[in-house]
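Here's the structure we're looking at; comments come further down.
Just so we're clear, the structure is a prediction, and the values are computed from it rather than from any experiment. Hydrogens, waters and symmetry mates play no part in the numbers below; they use all other heavy atoms, side chains included.
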Amino acid sequence: TQFVNQYAVMRFKVILPIFFLIISFSTDAYCAEGNLQWVEYSKAFQVAKEKDKPVLLYFYRDGCPYCKILSEQYFTDRDIGRMMKEGFVLTKLDGTMNKDIALEFGVSGVPTVWLLSKTGERILKIPGLADMTEFKDLLDYAGKGWYKKMDVRTYPKRKVKNEL
């Protein structure tokens, strides 16, 4: 019985850390995507005014490979997910199903992300798939209100110089 108990303890010591490792990895990915709450476009600006946050409007299309990368890699990135959740009211539209709204925003292809003030003022447009670091910087620029203080071209220069 002593051998059986030692064997059980050894298995427990090996299996338990592996179990927690698997859970932690799956939880990280789930938390980033699972915490993103998308609001219907028709309600987005009302919610934005209530929460005093800008709006992230994401135009996508089912089957679009770049939209899939944006959704599965960018939106599940821990930093991007946090920035989106904390800094914006999120809304998304299928660009092919909402052609009138896509036309209104000058969307000629997907993915396209528009960052808008809580009143609908156009802050900036991110067409296509931006570099992930650039995408984070643009989220920071709009989400923290830097657009009210400086031009988008000035922001990265001042950030590099630690002038923010």
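Within a 6.0 Å radius of NZ in K51, other residues, nucleotides and ligands contribute 12 heavy atoms or fewer. Other residues, nucleotides and ligands contribute at most 12 non-hydrogen atoms within 6.0 Å of the OH atom of Y66. The environment of NZ in K144 is sparse: at most 12 heavy-atom neighbours from other residues, nucleotides or ligands sit within 6.0 Å.
Cluster annotation: Y60 is not connected to V89 through the hydrophobic network of ILVMFWY side chains, with a link wherever side-chain heavy atoms come within less than 4.5 Å. In terms of hydrophobic clustering, with Ile, Leu, Val, Met, Phe, Trp and Tyr side chains grouped at heavy-atom distances under 4.5 Å, W114 and I123 are assigned to different clusters. In the hydrophobic clustering of ILVMFWY residues, with side-chain heavy atoms under 4.5 Å counting as a link, I126 and I69 come out together.
For the pair V152/L138, a side-chain contact is recorded, criterion being any heavy-atom separation below 4.5 Å from C-beta on.
Using modelled atom types, one side-chain atom of T76 and one backbone atom of E72 make a donor-acceptor pair closer than 3.5 Å. Distance alone, capped at 3.5 Å, is enough to place a donor-acceptor pair between the R158 side chain and the E163 backbone. A distance-only check finds a donor-acceptor pair linking the side chain of T112 to the backbone of G109 [under 3.5 Å].
Between W146 and Y155, the ring-plane angle classifies as tilted under the 30° and 60° cut-offs.
Here the two rings, on Y58 and F75, have centers that are under 6.0 Å apart.
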Candidate pair R82 and D77, rule salt bridge (Lys or Arg N to Asp or Glu O under 4.0 Å), full reasoning: CA-CA 8 Å; R82 179 187 46 77; D77 176 82; over 6 Å; no

